[in-house]
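None of the values given here were measured: they were computed from a predicted structure. A, B, ... follow the sequence lines: proteins, then strands. Residue 1 opens every chain.
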Amino acid sequence: MSSNAAIELQGLGKRFGRRTAVEDLDLTVGRGEVFGFLGPNGAGKTTTMRMVLGLVRPSAGRLRVLGGAIPEDSAEVLPRVGPLVETPALYLHLSGSDNLRVLAAELGGVPPGRIPELMELVGLSDRAGDRVSRYSLGMRQRLGLAVALLHRPALLVLDEPANGLDPAGIREIRALLRQQRDRGTTVFLSSHVLGEVERVCDRIAILRRGRLAYTGTVESLRGSAGWFRVGLDDADQALIWLRDQPWGSDAHLGESGLVDVRSPTGRGRDLNLALAGAGFVADSLTAVQRDLEAAFLELTEGEG
Amino acid sequence: MSSPPAAGGEESPTPTFANALRAEIIKLRSHRPTWVLAGFVLVLLGLVLFALSQDVVIRSELPSRPLAALDQALPAVQFVFAAGAGVVLLTSSSRLVGMEYALGTIRVVLGRGTTRSQLVLAKLAAALLLGSLLLVVYAFLTAVGLTLLTVHLAGSTAPIGVMPATGWRQLGLAVLSCAASVVSCTAVGVGVGAATRSLTGGMVLSILFFPLDNALALVLRAAYARDHLDVLRSVSALLLGPTLNRLPGLLTGQAAASGAVLPTPMVRLTGGESLGVVAGWFLVLLAMALAVSARRDVLA
């Protein structure tokens, strides 16, 4: 395993009784990366994050976080991790500041000035003394983030950090994640807000039924299905021919009379050659960039 | 959100048992219902002291035979502590554990490197500290109350000055018996809380532990009366509640108030052996709390 990785999963698996939550998962998150972890509900994202945090024991495989094995080296490694798993877990009978105080005491070594600084950072200074039971979901989410950032962790593990936030709050989270990346913090992020993932993540992984369905950059995922938009003089005739081909059955007329079609090999030049061989000369041929949502839904079709 | 804190490298916190204990004390300190219940116990003590001041035996014996008056007063005072502080400790210690699962904060605490054993031991230690504080305050207020009563009835503190050494020894043993109760209730609360991983379930089962334990003693007694099996007598000697009911009487040699109205073991153990039973339960409950916390997945 690479010592330069923040998270390394090798053949990771988890079963709960007869149900398999995660199976044979191989994944590496580099240090300093903002890594998006996606998948429909029940795909195994939260279970994987819990394994990373030592909360759930893997049934199979190996797991290293910041160079240490989990769960063996948990005591050394986990103090350098800032977790926010599912809904923010907070002591409702305590104030926002006291929640940070309790966790600062638990960790030790957190300077006293850090707590007001963090309350300011997450926009809760005015409500710092209020009981958390009186906080809205969005405010709890912000406090959960403050808890995760309490000790300037080397790795942030964030499960749905934008949950319950309004659009302005989501934008602030995005800015916060970028600041963390600039500081060199690794961010392992799960989110259903695909637009946000697209904007902040260097790489993503998509989980489907507990197995890895994709890992790579957002850009390569958007262009990876091999769809092209082709300008042709005789689009109608070309469409008839294309639909007769085993690889072109789902070709259709797209925007501005251009034909959207999948390449037989995924490469544009092979599509061009096929068209030319059939007597259709392309005026233009461009790769179709799908948005992340379309790519995500295609990969996880029928899930969630 | 505003601009971030000044950039800097990551910090290297080190979760330790001492840090975990500090955090547990903050959690306990901020829980108002615990202190309201504790205050209620002290109000009960006040009522008991007032009732004792009206007791005919105490009024007649205290000026001339303080030891006899002490014999009369101590069982009631001990009984109120065992029952009142017992409820406070059973609920607060099981709550300390169950709360983490109910709120999901267990994810944050364990996900930061505090080990499961550190957490269980810190919770136990925090609850023991609460019990010790209750005991010290209770003993102090009892001492103040009895002194005032002495002054009221005898006109001075002279009877306290002439109390024989036996009296002071009895007071010490009464405190020891209350301490045994503190240790037992704390261990039951933490053990049951860890086993149930539930706030409500843990608190309810902790409160029910001693009534069930005492009921079992009655069942064993009835079964022994019918079958005369010695094993039933031996088993009754291992029950925690009945042992604690008899402990004050065994240690101080008085007729314990709890032992008079609540079930006791069918076998007559010595004070030392009874303390051994309490210690055994403490260790078993602690081992159980550590074992059930050690490997189970946290899905809260």
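If you measure heavy-atom distances from B:Ile106 to chain A, the contacts under 4.5 Å come from the backbone alone. Looking at A:Leu92, both its backbone and its side chain come within 4.5 Å of chain B, counting heavy atoms on both sides. Contacts of B:Thr115 with chain A are made by side-chain atoms alone, with heavy-atom separations under 4.5 Å and no backbone atom involved. For chain A, no part of B:Gln118 is nearby; none of its heavy atoms comes within less than 4.5 Å. At a 4.5 Å heavy-atom cutoff, the contact between B:Thr114 and chain A is made by side-chain atoms alone.
Interface summary for chain B: among A:Thr47, A:Asp182, A:Asp98, A:Leu55, the most heavy-atom pairs under 4.5 angstrom belong to A:Leu55. Your options are A:Val56, A:Val52, A:Thr46, A:Asn99, and the one with the most heavy-atom pairs under 4.5 Å with chain B is A:Val56. Contact count versus chain B (heavy atoms, under 4.5 Å) is highest, among A:Leu90, A:Val77, A:Leu107, A:Leu124, for A:Leu107. Interface remark: of the candidates A:Lys14, A:Met51, A:His93, A:His93 forms the most heavy-atom pairs closer than 4.5 Å to chain B.
Residues B:His31 and A:Tyr91 form no side-chain contact, since every pair of their non-hydrogen atoms from C-beta on lies 4.5 Å or further apart. In this structure the side chain of A:Glu106 never reaches within 4.5 angstrom of the side chain of B:Ile26, judged on heavy atoms. A:Leu150 places a side-chain heavy atom less than 4.5 Å from the side chain of B:Arg112. Taking the side chain as every heavy atom from C-beta outward, A:Thr87 and B:Arg107 approach each other to under 4.5 Å. Within the 4.5 Å cutoff, no side-chain heavy atoms of A:Leu53 are placed close to those of B:Leu110.
Between A:Arg50 and B:Asp297 there is no salt bridge, since no side-chain nitrogen of the basic residue lies less than 4.0 Å from a carboxylate oxygen of the acidic one.
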